[in-house]
Amino acid sequence: MKKLILALMLLVSASFVYAEEGEGCLGSDITKEEVQKALSPLIGNVKVEKVSPSPIEDLYEVILDTPRGKFPVYVDCSLNYLITGSIIDIKHKRDLTREKAMALAHQSMEEKLKKLEKKLGKERVEKLKKVLGPRFNNIKLVDIKDIPKKHLVTYGNPKAKYTIYLVTDPQCPFCAKFDKEMKKLLKMRNDVKFELILFPLPFHKHASPISQNILCEKSVAKQREILDKSFEYVRNKQYEKLSSLEKSCKEGQQIIQEHFAFASKAGINGTPTLIFPHGIVISGLMSAEQINKVLDALK
């Protein structure tokens with residue numbers, strides 16, 4: 001699934017496949033439902049948003065609405081072949097697929113701006129633009145209600161006015177760096193707390209058993225102790241010590257699956273990722289000063 005989405009995002013080199021002679025569709029139309037059913041083994045729950053004729057006869061353009069954006073792909077009219085890649089207009093030297101992808105990205109940005117302005121008001125949105133700069137274009141929106149709020153590791157004032165949800169991985173080097181920025185911010189302000197959503201990345205071999213150990217620990221102090229120690233080892237590149245923090249448990253595995261399900265729905269696939277008030281999602285490392293400015297912009 002991830003490989004398919006990546007292929008869609010990068011719009012890999014085209015591979016045009018034609019039906020055998022005698023299999024032409026004679027101008028027949030196909031529906032979204034038919035395409036969704038045909039592609040479901042490959043795209044899972046990804047939604048087919050629109051189906052329309054492509055510039056090539058008997059080939060249809062399909063717009064897929066994925067957690068990472070909307071992308072054009074193509075199917076033949078018999079629904080035997082899926083084509084990912086670019087259709088090039090040779091005469092006019094135009095990449096028609098790229099133009100469509102850019103138009104879809106622009107449309108998505110416009111839709112996101114409208115949602116943001118409705119949720120925050122134009123003044124707050126303009127403040128966010130100034131604070132985030134080019135990074136503003138990459139923010140996402142999630143419904144705070146969808147966040148799994150049980151079994152989170154809390155840092156900061158439990159009665160704080162503002163809550164930032166942090167999607168993190170105990171073996172992630174950038175998360176270990178962010179840990180210091182988080183604690184720096186908590187010293188700067190008493191009106192914010194962090195709720196940590198553990199999201200162990202598959203290529204970090206220690207991350208899942210350490211996360212399970214944390215999630216199955218009943219003491220909040222002990223949870224913090226394990227996570228703090230893990231980040232300390234990562235910052236010091238003492239990766240051989242991480243195994244001492246591992247402990248598998250069934251409940252922890254189930255909670256991690258819940259976190260994965262939420263992240264997949266929200267289009268979150270990396271750590272650290274911050275979810276600010278109003279469901280504003282910003283991925284990547286941020287400094288305490290940057291977070292402070294974002295919070296002030298959202299007031």
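The model shown is predicted, which means the values in this text are computed figures rather than measured ones.
Within the 3.5 Å criterion, the main-chain N or O of Thr154 finds a donor-acceptor partner in the side chain of Arg224. Checking side-chain atoms of Glu181 against main-chain N and O of Met286 turns up no donor-acceptor pair under 3.5 Å. Looking at Glu117, its side chain never comes within 3.5 Å of a backbone N or O of Lys122 through a donor-acceptor pair. Between the side chain of Arg124 and the backbone N or O of Lys299, at least one donor-acceptor pair lies under 3.5 Å. In this structure a side-chain-to-backbone donor-acceptor pair under 3.5 Å is missing from Ser264 to Phe260. Here the side chain of Asp65 pairs no donor or acceptor atom with the backbone of Lys47 at under 3.5 angstrom. In terms of modelled atom types and a separation under 3.5 Å, the side chain of Glu195 and the main chain of Tyr165 share no donor-acceptor contact. Between the side chain of Asp76 and the main chain of Tyr81, a donor-acceptor pair closer than 3.5 Å is present. At least one donor-acceptor pair under 3.5 Å links the side chain of Ser54 to the backbone N or O of Ile56. Under a 3.5 Å cut-off, the side chain of Thr97 and the backbone N or O of Ile87 do form a donor-acceptor pair.
Between Tyr155 and Asp228, the side chains place a donor N or O and an acceptor N or O closer than 3.5 Å (distance only, hydrogens not considered). Checking Gln253 against Gln257 by side-chain atom types alone, no donor-acceptor pair falls below 3.5 Å.
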**Report entry** Pair Gln212-Ser208, side-chain hydrogen bond (donor to acceptor under 3.5 Å, both in side chains): steps then yes or no
**Finding:** CA-CA 6 Å; Gln212 292 173 47; Ser208 183; 3.1 Å; yes
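Taken from CG in Leu196 to CD1 in Ile164, the straight-line distance is 11.0 Å, to the nearest 0.5 Å. How far NZ of Lys129 is from CD1 of Ile139: 9.5 Å, rounded to the nearest 0.5 Å. Between the NZ atom in Lys130 and the CD atom in Glu126 there is a gap of 7.0 Å [rounded to 0.5 Å]. Taken to the nearest 0.5 Å, the CG atom of Leu128 stands 9.0 Å off from the NE2 atom of His278.
A salt bridge does not link Glu232 with Arg235: every distance from a Lys NZ or Arg NE/NH1/NH2 to an Asp or Glu carboxylate oxygen is 4.0 Å or more. Salt bridge Lys114/Glu111: absent, no basic N to carboxylate O contact under 4.0 Å. Under a 4.0 Å N-O distance rule, the pair Lys184/Glu289 qualifies as a salt bridge.
Residues Phe178 and Pro272 come closest through the heavy atom pair CB-CG, 4.2 Å. Val294 approaches Val131 most closely through the heavy-atom pair CG2-CG1, 3.8 Å.
Residue-environment remark: CE (Met109) exceeds the threshold of 12 foreign heavy atoms within 6.0 Å. Within a 6.0 Å sphere centred on NZ of Lys177, heavy atoms belonging to other residues, nucleotides or ligands number 12 at most. Counted within 6.0 Å of CD on Gln238, heavy atoms from surrounding residues, nucleotides or ligands total more than 12; the atom is thus considered enclosed. Environment of CZ in Phe262: crowded, with over 12 heavy atoms of neighbouring residues, nucleotides or ligands closer than 6.0 Å.
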Residues 140-153, side-chain donor-acceptor partners within the protein, below 3.5 Å, at least two apart:
{"unit_1": "Asp143", "atom_1": "OD1", "unit_2": "Lys145", "atom_2": "N", "d": "3.0"}
{"unit_1": "Lys149", "atom_1": "NZ", "unit_2": "Ile144", "atom_2": "O", "d": "2.5"}
{"unit_1": "Lys149", "atom_1": "NZ", "unit_2": "Ile147", "atom_2": "O", "d": "3.4"}

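The shortest side-chain heavy-atom distance between Leu298 and Leu120 falls under the 4.5 Å cut-off.
Sorted by first then second residue, the disulfide bond (SG atoms under 2.5 Å apart) pairs that include residues 149-243, not counting sequence neighbours, are Cys216-Cys249.
Checking each of Glu246, Gln171, Glu240, Lys241 against His206 for a side chain to side chain donor-acceptor pair (under 3.5 Å) leaves exactly one that passes, namely Glu246.
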